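Residue indices begin at 1 and follow the sequence shown. Whatever order the structure lists ligands and atoms in, that order sets their numbers, starting from 1. Since the model is a prediction, treat every value here as computed from it, not as a measurement. When reading the values below, keep in mind they use all heavy atoms of this one structure, side chains included, and skip hydrogens, waters and symmetry mates.
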Amino acid sequence: MRNATAITQLSDEHPLTLDEAYAVQRAGIALRVGRGDPVIGVKLGFTSEAKARQMGVSDVIIGQLTASTEVPDGGTVDLATMVHPRVEPEVAFRLGEELSPDSDDPLSAVAEVAPALEVIDSRYRDFRFSLEDVVADNTSAAGFVIGEWLPFADRSASVDDAEVSLSFDGQVREQGSTADILGDPRRAVAAAQRMAGRHGLALPAGSIILAGAATAAVALEPGVLVEATVAGLGSVSVRTAPASTPDGDDHG
Ligand code: OOG
Ligand code: MG
C-alpha cells in the first residue's frame, strides 16, 4: 500500500458483486504491473477454518502476488508502510510448467514445495470487511516469505498432515496442521487452478501458489523475529524492523 491509510469498507457505500470485486482487484494489479512490479503468483485465502472463523468470512478467495512484495527468507519487513499488519504460516507450491484451466491433473504441474509466511494488511479500518471488500483489496496481500524449496517429485505425501507452528522470538503464538488447509494443502493447487480460470488469471511455469494460512493470523510488532515451521518442510523466518525512534529525521 503506498500511503498506509485505512479507509471505510467499499461495500458500505457501493455494494459490489464478487465479479466486480475481482475486476477492482485486476485494475489495482494492472497499476502495479504498469509500475514495473510483475505478478509472480497467486494466493488463496480462507482455505482454513481458523482463518474463516477469525475473519467471519468463509468462501475461498484468490489474490495476486507481485514481485516487490516478496521478502527474502531471513529478511526484514518495515511495518511503517503498513496499516495493521498480521502474519500467518502457510505452505507454498511452485509450478514447473504452466497450469492450464483444463488440466485434469493439476498436481503434475507442481515442481516444488516450501514453508512460507504471509504478511497480510487490510486497507479497511479495523481489519473488517465483506468477502467482496477483501477481494477488491487483493485479499489483504502485503508480503510473503518463502523458505527453502524442496522437490515435489514424489508429490510430497508428507505435506498432507504436517505440524505447523508460528513463533515470535522463539515463543509459539499459533499451532496447527497443514491438514487445516482444505483438509490437505495439495488441494490448494486445484483450487487455485479453478479460481484462476474463473477470474482470468494466468498460472505460467514458475508461478508461486500460496495455499492459505494453517492458523489464525497474529498481529505483527516491531523488532521481532517471526518464524514458521512446517514439519518435514523446515522453517522460514522474517524480522520486523525495530520501532522508529521519535528523534528520527522525519519531523514536520
Ligand atoms: C484475507 C486473506 C486471507 C488466508 O491465508 O486465509 C488469507 C484476510 O484475512 O485479511 O490470506
Ligand atoms: Mg494468507
Checklist entry - Do other residues, nucleotides or ligands put more than 12 heavy atoms under 6.0 Å from Arg26 CZ? => result yes

Checklist entry - Do the non-hydrogen side-chain atoms of Ile62 and His199 ever get within less than 4.5 Å of each other? => result yes

Item to check | Location of contacts on Glu118 toward ligand 1, heavy atoms closer than 4.0 Å | outcome: side chain

Next on the checklist: If we only consider heavy atoms of Val57, is any one of them less than 4.0 Å away from an atom in ligand 1?
Outcome noted: no

Item to check | Distance filter under 4.0 Å to Lys43 heavy atoms, resulting ligand 1 atoms | outcome: 2 (C), 7 (C), 11 (O)

Checklist entry - Among Glu88, Glu70, Glu118, whose salt bridge (Lys or Arg N to Asp or Glu O under 4.0 Å) with Lys43 holds? => result Glu118

Checklist entry - Counting both backbone and side chain atoms, is some N or O of Ala213 under 3.5 Å from an N or O of ligand 1? => result yes

Checklist entry - If you measure from each non-hydrogen atom of Ile61 to ligand 1, which part falls under 4.0 Å: side chain, backbone, both or neither? => result neither

Checklist entry - Do Phe144 and Val230 belong together in a cluster built from hydrophobic side chains that touch within less than 4.5 Å? => result no

Item to check | Derivation and outcome, side-chain hydrogen bond (donor to acceptor under 3.5 Å, both in side chains), residues Asp133 and Ser130 | outcome: CA-CA 5 Å; Asp133 289 320; Ser130 69; 3.0 Å; yes

Checklist entry - Which protein heavy atom lies closest to atom 6 (O) of ligand 1, and at what distance to 0.1 Å? => result Phe46 N, 2.8 Å

Next on the checklist: Is it the case that over 12 heavy atoms from other parts of the model lie below 6.0 angstrom from the CD atom of Glu163?
Outcome noted: no

Item to check | Contact atoms of ligand 1, heavy-atom distance to Ile120 under 4.0 Å | outcome: 8 (C), 9 (O), 10 (O), 11 (O)

Checklist entry - In terms of side-chain heavy atoms, does Ser177 have a donor or acceptor partner in Asp161 at a distance below 3.5 Å? => result yes

Next on the checklist: Could you tell me, atom by atom, which parts of ligand 1 come under 4.0 Å of a heavy atom of Gly45?
Outcome noted: 3 (C), 4 (C), 6 (O), 7 (C)

Next on the checklist: As an exercise, identify every atom of ligand 1 less than 4.0 angstrom from a heavy atom of Phe127.
Outcome noted: 10 (O)

Next on the checklist: So, regarding Glu90 and ligand 1 (criterion: nitrogen or oxygen to nitrogen or oxygen, under 3.5 Å), is there a contact or not?
Outcome noted: yes

Next on the checklist: I need the nearest protein heavy-atom contact for atom 9 (O) of ligand 1: residue, atom name and distance, please.
Outcome noted: Lys51 NZ, 2.8 Å

Next on the checklist: Minimum heavy-atom separation for Tyr124 and Thr8, please, with both atom names.
Outcome noted: CD2-O, 3.6 Å

Item to check | Within less than 2.8 Å of the Mg ion (ligand 2): protein N, O or S atom count | outcome: 3

Checklist outcome for this item: Under 4.0 Å from one or more heavy atoms of Gly212, ligand 1 contributes atoms 5 (O)

Checklist entry - Which atoms form the tightest heavy-atom contact between Ala217 and Lys51, and what is the distance? => result CB-NZ, 4.0 Å

Item to check | Shortest non-hydrogen separation from Ala192 to Leu203 and the atoms involved | outcome: O-CD1, 4.0 Å

Next on the checklist: Quick check on side chain to side chain donor-acceptor pair (under 3.5 Å): which of Thr66, Asp37, Thr69 does Arg32 satisfy it with?
Outcome noted: Thr66

Item to check | Sub-4.0 Å heavy-atom contact, Gln54 with ligand 1 | outcome: no

Next on the checklist: Show me which atoms of ligand 1 lie under 4.0 Å from any heavy atom of Thr139.
Outcome noted: 1 (C), 2 (C)

Item to check | Option passing side-chain contact (heavy atoms from CB on, under 4.5 Å) with Phe168 (candidates Leu225, Thr240, Leu220) | outcome: Leu220

Item to check | Numbered atoms and elements of ligand 1 in range of Phe129, under 4.0 angstrom, heavy atoms | outcome: 8 (C), 10 (O)

Next on the checklist: Would you compute the distance between atom CG of Leu210 and atom OG1 of Thr47 and round it to the nearest 0.5 angstrom?
Outcome noted: 10.0 Å

Item to check | Arg173 bridged to Glu221 by N-O distance under 4.0 Å | outcome: yes

Item to check | Closest approach of any protein heavy atom to atom 10 (O) of ligand 1, naming residue and atom | outcome: Ser140 OG, 2.7 Å

Next on the checklist: Show the atoms of ligand 1 that are less than 4.0 angstrom away from any heavy atom in Glu88.
Outcome noted: 4 (C), 5 (O), 7 (C), 11 (O)

